[in-house]
Amino acid sequence: EPEVTQTPSHQVTQMGQEVILRCVPISNHLYFYWYRQILGQKVEFLVSFYNNEISEKSEIFDDQFSVERPDGSNFTLKIRSTKLEDSAMYFCASSPWGGGYTFGSGTRLTVV
Amino acid sequence: AQKVTQAQTEISVVEKEDVTLDCVYETRDTTYYLFWYKQPPSGELVFLIRRNSFDEQNEISGRYSWNFQKSTSSFNFTITASQVVDSAVYFCALSEAGRGAQKLVFGQGTRLTINP
């Protein structure tokens, strides 16, 4: 069964450093998403992406964040200058036309 | 705005007991999808079910069953004869049912512990 692949599974970074989280969505999916889950809390929507542009973003998705689909397969989330409060599990997801969601297994980001 | 409420923060039962996880939602959309996900200690989100708002039939899958009541905006999840492997955090979620990008709105989750 096709899956969404996220790398790395765990990343530790120094506060103030830039970090890029990588995702390979399912190949025939059209819509791509990033979600965040702070430890012990609910999963929160960050951003959706379609046709090479952001279709919706949440209040959390401020200027520190950016997304990109640099080639035909990867979908990345960049955090420009990480803060301690950016420590969380980040999930990538993709969906086809007409609905249906597939989540990746997540990247646990730890900012120290 | 859409909202999902899972009032039960934690539930603890003894193995083989039946347990129901509650989910209440709010939306102004006339068509929408409801989901349940399981998050085991390893952290991934495991898809359990997606239900279209037009389909109010209850669903059963093995020991799992779901009760969708549009009149009370609830989509409850029951595990029959619970097992230790069912221990996890369970999330209910809601999305608009359109053809574009559809964000999921999650509830706070219910941590379920099944004791041997």
Side-chain angles (χ1 to χ4, degrees), chain A residues 1-6 8-10 25-26 29-61 67 69 75 88-110, chain B residues 1-10 21-27 29-55 88-113:
Chain A
E1 186 165 330
E3 37 178 58
V4 174
T5 305
Q6 288 188 245
S9 56
H10 191 185
I26 293 174
H29 283 189
L30 299 176
Y31 307 102
F32 314 114
Y33 312 83
W34 283 101
Y35 287 79
R36 179 183 84 173
Q37 184 184 29
I38 294 171
L39 186 63
Q41 297 187 23
K42 68 178 178 180
V43 181
E44 300 172 289
F45 170 78
L46 290 178
V47 65
S48 58
F49 192 85
Y50 168 67
N51 201 26
N52 281 320
E53 60 183 29
I54 291 173
S55 48
E56 186 176 357
K57 61 182 180 179
S58 71
E59 304 170 341
I60 304 168
F61 195 88
V67 288
R69 189 155 162 80
F75 179 50
M89 179 78 98
Y90 289 82
F91 291 102
C92 175
S94 66
S95 65
W97 182 262
Y101 245 76
T102 303
F103 279 94
S105 54
T107 293
R108 184 169 298 283
L109 176 66
T110 303
Chain B
Q2 298 177 325
K3 185 179 178 182
V4 176
T5 301
Q6 295 178 254
Q8 304 150 309
T9 306
E10 293 192 31
L21 310 182
D22 297 334
C23 173
V24 174
Y25 62 91
E26 296 174 30
T27 181
D29 299 322
T30 53
T31 58
Y32 48 90
Y33 287 115
L34 293 162
F35 301 77
W36 276 96
Y37 284 88
K38 174 181 179 180
Q39 188 174 45
S42 50
E44 73 271 26
L45 292 170
V46 178
F47 170 80
L48 295 178
I49 190 171
R50 181 180 78 159
R51 175 49 53 90
N52 188 305
S53 56
F54 287 130
D55 182 3
V89 180
Y90 290 85
F91 290 98
C92 181
L94 167 71
S95 79
E96 179 186 341
R99 292 186 178 177
Q102 302 301 330
K103 72 178 183 185
L104 294 186
V105 175
F106 283 81
Q108 293 284 357
T110 297
R111 179 175 300 278
L112 177 63
T113 302

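In what follows, chains are A, B, ... by sequence order, proteins preceding strands, each numbered from 1.
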>> Are there over 12 heavy-atom neighbours, none belonging to Arg51(B), within less than 6.0 Å of that residue's CZ?
In response: yes

>> Could you check, using the six-membered ring where one of them is a Trp, whether Tyr31(A) and Tyr50(A) have ring centers closer than 6.0 angstrom?
In response: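 When the ring centroids of Tyr31(A) and Tyr50(A) are compared, they turn out to be within the sub-6.0 Å range.
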
Contacting moiety of [X], where chain B heavy atoms sit under 4.5 Å:
X	value
Ser105(A)	both
Phe49(A)	neither
Glu56(A)	side chain

>> Which residue is it: Ser58(A), Ser55(A), Ser95(A)? I am looking for the one with a side chain to side chain donor-acceptor pair (under 3.5 Å) to Ser48(A).
In response: Ser55(A)

> Taking every heavy-atom pair that is under 4.5 Å apart, which of Val105(B), Leu45(B), Val46(B) has the most such pairs with chain A?
Replying inline: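 The answer is Leu45(B).
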
>> Heavy-atom pairs under 4.5 Å with chain A: which of Tyr37(B), Tyr33(B), Phe35(B) has the most?
In response: Tyr37(B)

> Would you call Glu44(A)-Arg36(A) a salt bridge at under 4.0 Å N-O?
Replying inline: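 Salt bridge flag = yes for Arg36(A) with Glu44(A).
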
>> Can you tell me which portion of Phe91(B) sits under 4.5 Å from chain A's heavy atoms? Options are side chain, backbone, both or neither.
In response: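 Side chain only.
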
> Measuring heavy-atom distances to chain A, does Gln39(B) have an atom under 4.5 Å in its side chain, in its backbone, in both, or in neither?
Replying inline: side chain

>> If I compare all heavy atoms of Phe103(A) with all of Val4(A), which pair ends up nearest, and what's the gap?
In response: C-CB, 4.0 Å

> Quick one: does Glu96(B)'s side chain get under 4.5 Å of Tyr32(B)'s, heavy atoms only?
Replying inline: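 Result no, sub-4.5 Å side-chain heavy-atom pair not found.
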
